Amino acid sequence: MREKEELTLLGSAGTEYSFDYDPNVLETFENKHRSNDYFVKFNCPEFTSLCPITGQPDFATITISYVPDVRMVESKSLKLYLFSFRNHGDFHEDCVNIIMKDLIKLMDPKYIEVWGKFLPRGGISIDPYCNYGRPGTIWEKVAFDRLTSHDMYPERVDNR
């Protein structure tokens with residue numbers, strides 16, 4: 001994972017897509033608004049990974065929300081990173097936790113949550129959610145509160 005003031009992927013016409021899981025493609029830039037807390041939210045409605053048992057594709061919308069500190073993830077590098085899961089075999093729960101942990105290692109955010117809404121296969125959909133709040137800060141409590149009250153009123157799953 002790279003931290004660079006000069007972004008190498010944004011605006012590059014020669015984009016190379018990794019077909020294997022690759023956290024090294026992630027890039028960051030400086031948060032210019034560190035004096036105030038705010039959420040940054042990414043929605044990836046075309047996430048794809050592989051079932052580690054059958055090798056069949058799993059499709060999901062991945063939502064990432066975070067409160068940055070010093071570094072922020074650059075969106076094109078995030079897109080290429082998420083694309084790198086296309087041939088990666090892992091369970092849904094593992095995918096969202098891997099994404100969260102890679103982004104924590106990359107940015108050290110104050111708070112982050114990752115939610116995967118996977119399309120049904122075999123008649124069941126799986127929607128794993130994970131989060132993290134920096135220990136010893138108010139964000140640790142926010143993470144606990146959001147986790148314990150997460151999805152208390154789940155939506156109807158007739159729209160997938």
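Residues take their numbers from the sequence shown, with the count starting at 1. Everything numeric in this text was worked out from a predicted model, so none of it was measured.
- The number of heavy-atom neighbours closer than 6.0 Å to CD of Glu46, taken from other residues, nucleotides and ligands shown, is 12 or below.
- For the atom pair Asn131 CG and Ile112 CD1, the distance stands at 9.5 Å (nearest 0.5 Å).
- Note that NZ of Lys101 is 13.0 Å distant from CG of Leu103, once rounded to the nearest 0.5 Å.
- Ion pairing between Arg134 and Asp108 holds under the 4.0 Å rule for side-chain N and carboxylate O.
- For the atom pair CE (Met107) and CG (Asp69), the distance works out to 10.5 Å, reported to the nearest 0.5 Å.
- Counting heavy atoms from C-beta outward, Thr28 and Met72 have side chains that stay 4.5 Å or more apart.
- Expressed to the nearest 0.5 Å, how far CZ of Phe144 lies from OG of Ser149 amounts to 9.5 Å.
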(message) Let's go through Glu30 and Arg71 carefully: what are the C-alpha distance in whole Å and the side-chain angles of both, what is the deciding distance for salt bridge (charged side-chain N to carboxylate O under 4.0 Å, His left out) to 0.1 Å, and is it a yes or a no?
(response) CA-CA 5 Å; Glu30 182 182 354; Arg71 308 298 303 171; 5.3 Å; no
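- Between the side chains of Asp58 and Ser49, no donor N or O sits under 3.5 Å from an acceptor N or O.
- Applying the 6.0 Å contact sphere to CZ of Phe39 captures more than 12 heavy atoms from other residues, nucleotides or ligands.
- Follow the hydrophobic side-chain contacts under 4.5 Å out from Tyr66 and you reach Phe29 in the same cluster.
- Ring geometry for Tyr111 against Trp139 counts as tilted: the plane angle lies between 30° and 60°, on a 0 to 90° scale.
- Taking 4.0 Å as the cut-off between side-chain N and carboxylate O, Glu113 and Arg146 count as a salt-bridged pair.
- Checked by atom type, the side-chain pair Asp102/Tyr81 shows a donor-acceptor distance below 3.5 Å.
- Asp22 is not listed as a side-chain neighbour of Asp20, based on a closest heavy-atom distance of 4.5 Å or more.
- Looking at Leu78 and Phe42, their side chains come closer than 4.5 Å, going by heavy atoms from C-beta outward.
- A ring-centre distance under 6.0 Å is found for Tyr21 and Phe85.
- Closest approach of Val73 and Ser77 over heavy atoms only: CG2-OG, 4.1 Å.
- Pairing each heavy atom of Ile99 with each of Phe47, the nearest pair is CD1-CE1, 4.1 Å.
- In terms of heavy atoms, Pro57 sits closest to Leu50 at CA-CD2, 3.9 Å.
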(message) Could you walk me through whether Tyr38 and Asn31 satisfy the side-chain contact (heavy atoms from CB on, under 4.5 Å) test, starting with their C-alpha distance in whole Å, then the side-chain angles of each, then the deciding distance to 0.1 Å, before giving a yes or no?
(response) CA-CA 11 Å; Tyr38 59 98; Asn31 176 9; 2.6 Å; yes
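- The backbone N or O of Asp90 sits nowhere less than 3.5 Å from a side-chain atom of Asp94 that would complete a donor-acceptor pair.
- A heavy-atom distance below 4.5 Å is not found between the side chains of Val142 and Thr137.
- Atom SG of Cys130 is separated from atom CE of Met100 by 4.0 Å, given to the nearest 0.5 angstrom.
- Considering all non-hydrogen atoms of both residues, Ile62 and Ile64 come closest at CG2-CG1, 4.0 Å.
- Atoms CG and CG, from Leu80 and Asn24 in turn, are 13.0 Å apart once rounded to the nearest 0.5 Å.
- Side-chain contact between Asp127 and His92 is absent, with no heavy-atom pair separated by less than 4.5 Å.
- Stacking of Lys117 on the aromatic ring of Trp115 is recorded, both the 6.0 Å distance cut-off and the 45° axial limit being met.
- Considering every non-hydrogen atom in both Pro109 and Ile104, the closest pair reads CD-CA, 3.7 Å.
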